[in-house]
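Below is one structure, written out as structure tokens; the observations come after it.
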Amino acid sequence: MIETTRTFTPDWVSPPGDTIADILEERDWTQVQLAERLGYTTKHISLLINGKAPINEETALKLERVLGSTTAFWLNREAQYRAGLVRIEEENRLKEWTTSRNFYFWVVKYFAQSDRVLLPLLDITPDRLR
């Protein structure tokens with residue numbers, strides 16, 4: 001029996017703020033306390049936690065000093081989050097396009113005229129092209 005391994009690719013992303021929130025909960029700190037320790041406003045902390053404000057080098061260094069881990073950890077966490085957002089947005093855009101009528105017209109224009117076998121394989125019927 002052959003086993004296939006599938007790569008786990010979730011359709012969601014977790015902002016670095018989730019990690020920050022977990023640490024706050026573990027330490028029984030509030031966002032206000034973190035804001036004071038980092039020298040930010042509570043609004044900025046809220047934006048960080050919700051993934052609305054990015055973690056830059058300065059913030060990553062402050063998080064390292066106050067929460068632990070490394071600057072590289074926080075910057076990598078941010079980069080992975082932003083890349084995940086782009087991936088999901090692109091997947092959604094592709095999904096939207098492939099379910100639109102424009103996709104079916106494109107398939108017919110470029111493939112169906114030369115390869116009539118392709119339409120049934122793609123489950124394209126003439127009524128879907130109208």
Please report, to 0.1 Å, the donor-acceptor pairs under 3.5 Å made by any side chain of residues 42-52, with sequence neighbours excluded.
{"residue": "S46", "atom": "OG", "partner": "N50", "partner atom": "ND2", "Å": "3.4"}
{"residue": "N50", "atom": "ND2", "partner": "S46", "partner atom": "O", "Å": "2.9"}

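Between R27 and L67, the closest side-chain pair of non-hydrogen atoms falls below 4.5 Å. Taking 4.5 Å as the limit, some side-chain heavy atom of V66 sits within range of a side-chain heavy atom of W29. The shortest distance between side-chain heavy atoms of Q33 and T30 falls below 4.5 Å. Residues F73 and L63 have side chains not in contact (no heavy-atom distance under 4.5 Å, counting atoms from C-beta outward).
Expressed to the nearest 0.5 Å, how far CD1 of I88 lies from NZ of K95 amounts to 10.0 Å. Here the straight-line distance linking atom CD1 of I20 with atom CG of L38 works out to 8.0 Å at 0.5 Å rounding. The CG atom of L94 sits 12.5 Å away from the CD atom of E89 when rounded to the nearest 0.5 Å.
Under a cut-off of 6.0 angstrom, the local environment of CG in D22 is crowded, with over 12 non-hydrogen atoms contributed by other residues, nucleotides or ligands.
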Residue pair S14, R77: steps toward the side chain to side chain donor-acceptor pair (under 3.5 Å) verdict:
CA-CA 9 Å; S14 169; R77 187 79 171 80; 3.0 Å; yes

Pair E90-R87, salt bridge (Lys or Arg N to Asp or Glu O under 4.0 Å): steps then yes or no:
CA-CA 5 Å; E90 188 60 30; R87 178 184 48 80; over 6 Å; no

Worked check of side chain to side chain donor-acceptor pair (under 3.5 Å) between T70 and E64
CA-CA 5 Å; T70 64; E64 175 186 64; 5.1 Å; no

Could you walk me through whether R82 and E78 pass the salt bridge (Lys or Arg N to Asp or Glu O under 4.0 Å) check?
CA-CA 6 Å; R82 299 296 165 187; E78 178 67 26; 2.5 Å; yes

Could you walk me through whether Q31 and L24 pass the side chain to side chain contact (heavy atoms under 4.5 Å, CB included) test, one step at a time?
CA-CA 8 Å; Q31 289 186 23; L24 292 181; 4.2 Å; yes

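Between the side chains of T59 and N56, at least one donor N or O sits under 3.5 Å from an acceptor N or O.
Cluster annotation: L61 is not connected to W74 through the hydrophobic network of ILVMFWY side chains, with a link wherever side-chain heavy atoms come within less than 4.5 Å.
Looking at every heavy atom in both residues, I55 comes nearest to P16 through CD1-CB, 3.5 Å.
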